[in-house]
2 protein chains.
Amino acid sequence: MPEVIAPATRAAREPRHGVNTPALFATINAVKETPALAKFRFRATNRWISGTYSESRLETFTGAGGEHNHQTEFRYGADHPAVLVGEDRGPTPIEFLLHGLAACITAGVGNIAAARGVTLTSVESHVEGDIDLQGILGLSDRVRNGYERIRISVTIDGDAPPEKLRQIVEQSRARSAVFDVLTNGVPVDVSVNTR
Amino acid sequence: MPEVIAPATRAAREPRHGVNTPALFATINAVKETPALAKFRFRATNRWISGTYSESRLETFTGAGGEHNHQTEFRYGADHPAVLVGEDRGPTPIEFLLHGLAACITAGVGNIAAARGVTLTSVESHVEGDIDLQGILGLSDRVRNGYERIRISVTIDGDAPPEKLRQIVEQSRARSAVFDVLTNGVPVDVSVNTR
């Protein structure tokens, strides 16, 4: 059992607040025995509609040795707001990074708490990202295009002392896929095709 | 007029494929004169529901010297899929990064094409992110938590030669807020409160 998750206490072996903890442990052990199962590929397909508005579909992904479909086809729009000459038919693309960050840390908190025998009653996060649009508007070469800083504040409650609850959030941060990508960056290859 | 957008040709001064080009130029000029207008702060509020499922609201943001509400309150769920012991009630948090990337580059393509006097007929993107879950499962310290690599393939069509269309995508990439954050990273501060 990896230390990320829990000592294998009796409490940790029971399902808790929506987490099927035994299945989680079984999955971790299966991946431990067959590391190739851990290779995943996620995908999105985006289509421009008009102006700054586009829509993405999140449907299929590869992982655990096979192809998978999400239960539902998830579709999301994104746009620029009126103050940036868009039509506000969706959030700005960069706001989705804030949602991804909060949701990733929260999902980890759910799993880790259950695995440590802690029943949560609430987890709420507020995320803020500061950006100076002089970058993307091409008005300054000293201003970066993206967020200058992101802050996330997590408020957690459950049947454990405050210090244990804090450690659960800290462990989730330390193992968050989105936190890693946002703080460390990732190589992105761009290719262009013309019809 | 910043070179990012266009030479101020006659064609560039007309609205085009949903982009209000004159308003876009006016906004850029206003920010050029008053750089403080370019300071924006985007926000998300996330609430854990159960298991690995949570929901975010994207409602308000600060920018252009004021507070703004999106026209609609945008709500998004995120979850882990069944193969990762979630209930698949939403995409995984890290898939939202792929949507954000594609939507950001596409919005820029819409603006830049209009400003350069090019009318687009279609823009489609496919994005893939490769991730080895041994990282987040705590099974290997040599495997990072997040994506190892992201690829985006953009297919664009419009009333311009292929080379000009390619340059529009390249300019959008060069000024994309999400591309910058994903490739270069950003400082993220995490704070925890217990009730």
Side-chain angles (χ1 to χ4, degrees), chain A residues 2 4 18 23-24 38 40 42 44 46 48 50-52 54 56 58 64 71 74 78 83 85 88 91 93-96 98-100 102-104 106-107 123 125 127 129 131 133-134 136 138 145-147 150-151 153 155 157 162 166 169 175 177 180-181 185-186 188-189 191-195, chain B residues 2 4 18 23-24 38 40 42 44 46 48 50-52 54 56 58 64 71 74 78 83 85 88 91 93-96 98-100 102-104 106-107 123 125 127 129 131 133-134 136 138 145-147 150-151 153 155 157 162 166 169 175 177 180-181 185-186 188-189 191-195:
Chain A
V4 57
L24 182 61
F40 274 66
F42 292 105
N46 180 275
W48 173 68
S50 78
T52 50
S54 69
S56 293
L58 304 172
Q71 281 188 163
F74 297 114
V83 70
V85 202
D88 201 29
I94 202 149
E95 287 174 274
F96 284 99
L98 306 183
H99 166 50
C104 193
T106 300
V123 188
S125 310
V127 200
I131 186 169
L133 299 185
Q134 289 184 89
I136 64 171
N145 296 321
Y147 286 127
I150 292 173
R151 289 171 298 282
S153 167
T155 302
D157 198 11
R166 285 177 189 280
V169 178
R175 284 298 179 190
D180 173 26
V181 168
V186 59
V188 178
D189 303 318
S191 62
V192 185
N193 310 293
T194 52
R195 282 205 172 103
Chain B
V4 56
L24 182 61
F40 275 65
F42 291 105
N46 181 276
W48 173 68
S50 79
T52 50
S54 70
S56 293
L58 304 172
Q71 281 188 162
F74 298 114
V83 68
V85 202
D88 200 28
I94 203 151
E95 286 174 275
F96 284 99
L98 305 183
H99 165 49
C104 193
T106 301
V123 187
S125 309
V127 200
I131 186 168
L133 299 184
Q134 289 183 90
I136 64 171
N145 296 320
Y147 287 128
I150 293 173
R151 288 171 300 281
S153 166
T155 302
D157 198 10
R166 284 178 190 279
V169 178
R175 284 299 179 190
D180 173 26
V181 169
V186 59
V188 178
D189 302 319
S191 63
V192 185
N193 309 294
T194 53
R195 285 206 169 103

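Reminder, nothing fancy here: chain letters follow the sequence lines and each chain counts from 1.
- Not counting sequence neighbours, A:Arg166 has no partner by the side-chain hydrogen bond (donor to acceptor under 3.5 Å, both in side chains) test.
- Nearest heavy-atom pair, A:Gly146 versus B:Val181, reported as atom, atom and distance to 0.1 Å: CA-CG2, 3.8 Å.
- Annotation: maximal heavy-atom pairing with chain A below 4.5 Å, among B:Ala103, B:Gly18, B:Cys104, occurs at B:Ala103.
- When every heavy atom of A:Gly100 is checked against every heavy atom of B:Pro93, the shortest pair comes out as O-CB, 3.4 Å.
- Looking only at heavy-atom pairs under 4.5 Å with chain A, the residue among B:Val186, B:Leu133, B:Asp157, B:Val192 that has the most is B:Val186.
- Taking CG from A:Leu58 and CD from B:Glu95, the interatomic distance works out to 5.0 Å, rounded to the nearest 0.5 Å.
- Of the listed residues (B:Pro162, B:Ala102, B:Pro91), the greatest number of heavy-atom pairs within a distance under 4.5 Å of chain A belongs to B:Pro91.
- Minimum heavy-atom separation, A:Val85 to B:Ala23: CG1-CB, 3.7 Å.
- The residue among B:Ser54, B:Ser125, B:Ser50 with the most heavy atom pairs within less than 4.5 Å of chain A is B:Ser125.
- To the nearest 0.5 angstrom, A:Phe40 atom CZ is 8.5 Å from B:Ile136 atom CD1.
- Between A:His99 and B:Ala44, the closest heavy-atom pair is N-CB, 4.2 Å.
- For B:Ser153 against A:Asn193, the heavy-atom pair with the smallest separation is OG-ND2, 3.1 Å.
- For A:Tyr147, the parts lying under 4.5 angstrom from a heavy atom of chain B are both the backbone and the side chain.
- Of the residues considered (A:Thr194, A:Thr155, A:Asp88), A:Asp88 shows the highest number of contacts with chain B, using heavy-atom pairs under 4.5 Å.
- A distance-only check finds a donor-acceptor pair linking the side chain of A:Asp180 to the backbone of B:Asn145 [under 3.5 Å].
- Among the candidates B:Ala107, B:Ala38, B:Gly51, the residue making the largest number of heavy-atom pairs closer than 4.5 Å to chain A is B:Ala38.
- Summarising the geometry, atom CG belonging to A:Leu98 is positioned 9.0 Å from atom CZ belonging to B:Phe42; distances are rounded to the nearest 0.5 Å.
- In terms of heavy atoms, B:Val83 sits closest to A:Ala64 at CG2-CB, 3.4 Å.
- For A:Val169, the part sitting under 4.5 Å from any heavy atom of chain B is the side chain, from C-beta outward, and nothing else.
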